Amino acid sequence: MTTVYNPATAIKDPHGITWGMHPISWRNDDIPEVGEWNTLEDMLEDLAAVGYAGTECAGFFPPKEEVKAAVEAHGLRIAAQWFSSFIVRDGVEAVIPEFEDKCAYLEYLGASRVVVSEQTGSVQGIRDVSIFTNKPVLTDAEWEVLAAGLNRLGQIAQAHGLELVYHHHLGTVVQTKEETVRLMEMTDPARVSLLFDTGHAFVGDGNVMGLLRATIDRVKHVHFKDVRPEKMAESRAAGRSFLDSFLAGMFTVPGDGCIDFTEPYRLLVDHGYSDWILVEAEQDPAVANPLEYARKARAYLEDTLFTA
C-alpha cells in the first residue's frame with residue numbers, strides 16, 4: 001500500500017516554509033555502495049510517512065517517467081537537483097549541453113531549483129585528500145570566467161522555469177564566506193542565487209551566521225544539516241577526506257549535533273524566506289537509519305525550532 005503525504009499530519013511550518021529531506025540520507029551518489037539497497041520507493045515511503053513535502057533528485061533515480069509517477073503517487077514534490085559544473089576547466093559552452101538536459105529534466109519533474117557547484121579542481125570526492133587542508137583556489141581571471149559562466153547558466157535555467165542556486169561546498173573553489181560573498185558580488189542577482197548550507201558553513205568557517213548574514217538577500221534554497229563536533233575534530237586530526245569524514249559521522253540531522261538552528265531559521269524568517277528547507281545529512285544509512293533520523297529531525301523542528 002502506497003503511503004501518501006497528508007498535509008493534515010505533515011510538518012507545518014508557522015512561517016510557511018516548505019520542509020523536505022535530501023536523498024543523501026538514503027543513498028550516496030559519490031560512493032554507490034553506501035545505501036545501495038535503498039530504492040526510490042523506500043525513500044518516498046519514508047518521506048510521506050514522516051510528513052516531509054518532498055525531496056531533491058539523486059543519481060540513483062530511475063528514468064524520469066518512473067520518478068514522476070512515483071513522486072506523484074506519494075503526493076510529494078521534487079525541489080531541485082545538484083549539477084556539477086566545470087566552467088573554469090572546460091568553458092561554459094562545453095557545459096551548456098549537459099546543463100540544458102538537466103534543466104529540461106527538472107522542468108519535467110516540476111522542480112523550481114537547479115543546484116550548481118563548480119567542480120574545477122574539487123577535492124570533495126577524492127578519498128586520500130584531507131578536506132580540512134586542501135582546496136582549489138581561483139585566480140582573478142578564473143573568477144571572471146566562473147561568474148560570467150554562471151550568469152549564462154542562470155539565464156538558461158530561467159528559460160526552464162528554474163532558479164539557479166549556487167552551492168558553497170567544502171573542498172571546492174567556493175567554500176568560505178569570503179569566496180561565497182565574492183561570487184555573489186560578481187554575479188547577476190537576477191540570474192544567480194545562493195543555496196545556503198549550515199553544515200558546510202560551520203565546518204568551512206567555524207560558524208553558521210557569518211556567511212548567512214553576509215548573503216541573506218541572495219538565499220533562495222536552504223540545506224539544514226548538523227555537525228557532531230567531536231567527529232569533526234577527530235576527522236580533522238586524522239586528515240580525512242570529505243567522504244571519509246561523513247562516513248565517520250561528522251554530519252547529522254538538525255538537533256543531533258552542535259548547531260543552534262534557531263538563529264539561521266529566525267534570520268531567514270525575518271527576511272521573508274518562505275521557500276524550501278531540506279533536512280540533510282551525509283550519513284551511512286547502515287549506521288544511521290534514514291527513517292529514524294527523518295523522525296528525529298521532525299521532532300527537533302516541532303519541539304525546538306518552531307517554538308523558539
Side-chain angles (χ1 to χ4, degrees), residues 2-3 5 10-11 18-84 102 105-106 108-117 124-125 162 165 167 169-170 195-200 221-226 242-243 246-247 249-254 256 275-298 301:
T2 298
T3 303
Y5 173 80
I11 297 170
T18 303
W19 288 87
M21 189 163 177
H22 197 281
I24 209 162
S25 291
W26 285 263
R27 281 179 70 161
N28 191 279
D29 286 342
D30 293 319
I31 315 176
E33 63 270 24
V34 173
E36 62 183 350
W37 57 89
N38 284 319
T39 66
L40 173 65
E41 186 63 24
D42 293 330
M43 183 187 74
L44 297 177
E45 278 287 315
D46 290 349
L47 289 168
V50 181
Y52 291 94
T55 188
E56 295 184 13
C57 292
F60 71 86
F61 280 19
K64 63 181 182 180
E65 294 80 8
E66 294 179 39
V67 175
K68 188 177 183 68
V71 169
E72 289 180 350
H74 286 275
L76 298 170
R77 286 183 282 158
I78 294 293
Q81 185 174 11
W82 170 285
F83 178 81
S84 294
K102 178 67 68 180
Y105 170 81
L106 290 171
Y108 174 82
L109 293 176
S112 57
R113 308 283 186 268
V114 56
V115 178
V116 176
S117 177
Q124 72 181 64
L162 302 169
V165 290
H167 194 334
H169 200 287
L170 295 171
L195 184 163
F196 175 72
D197 187 300
T198 56
H200 288 277
H221 198 54
V222 177
H223 287 172
F224 267 13
K225 67 169 164 275
D226 214 338
F242 178 73
L243 301 179
F246 90 68
L247 286 174
M250 183 168 74
F251 293 121
T252 185
V253 297
D256 193 44
D275 292 308
W276 286 92
I277 297 181
L278 275 290
V279 167
E280 186 191 34
E282 289 95 331
Q283 297 195 92
D284 183 350
V287 176
N289 179 272
L291 179 59
E292 175 188 339
Y293 276 80
R295 288 171 173 156
K296 183 178 292 191
R298 175 173 178 168
L301 299 181

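Here the structure is a predicted model, which is why all the values come from computation and not from measurement.
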Would you mind reporting whether [Y] and [X] have side-chain heavy atoms less than 4.5 Å apart?
{"X": "S25", "Y": "E280", "value": "no"}
{"X": "L301", "Y": "I11", "value": "yes"}
{"X": "F246", "Y": "I24", "value": "no"}
{"X": "Y5", "Y": "L47", "value": "no"}
{"X": "I31", "Y": "L247", "value": "yes"}
{"X": "W276", "Y": "E56", "value": "no"}
{"X": "L278", "Y": "H221", "value": "yes"}
{"X": "D275", "Y": "R113", "value": "yes"}

What closest approach, in Å, do [X] and [Y] show between heavy atoms, and which atom pair accounts for it?
{"X": "A80", "Y": "V115", "answer": "CB-CG2, 4.0 Å"}
{"X": "A294", "Y": "M21", "answer": "CB-SD, 3.5 Å"}
{"X": "I78", "Y": "C57", "answer": "CG2-SG, 3.5 Å"}

Closer than 3.5 angstrom, by distance alone: can the side chain of [X] be matched with the main-chain N or O of [Y] as a donor-acceptor pair?
{"X": "R298", "Y": "V50", "result": "yes"}
{"X": "E45", "Y": "T3", "result": "yes"}
{"X": "H200", "Y": "H169", "result": "no"}
{"X": "R77", "Y": "G54", "result": "no"}

**Asked** Does the cation-pi check pass for K64 over Y108, that is, NZ or CZ under 6.0 Å from the six-membered ring centre and within 45° of its axis?
**Response** yes
**Message:** I'd like to check the side-chain contact (heavy atoms from CB on, under 4.5 Å) partners of P62; sequence neighbours left out, ordered by chain and number.
**Reply:** L40, E66, V67
Side-chain donor-acceptor pairs under 3.5 Å in residues 285-293, sequence neighbours left out?
from : atom 1 : to   : atom 2 : distance (Å)
N289 : OD1    : L291 : N      : 3.1
N289 : OD1    : E292 : N      : 3.0

**Complete:** Tested for side-chain hydrogen bond (donor to acceptor under 3.5 Å, both in side chains) against K225, the lone hit among D197, D256, T252 is D197
**Residue pairs fulfilling ring pair (Phe, Tyr, Trp, His ring centres under 6.0 Å) with at least one residue in residues 21-78, sequence neighbours excluded** = H22-H223
**Asked** How far does CD of Q81 sit from CG of L162, to the nearest 0.5 angstrom?
**Response** 11.0 Å
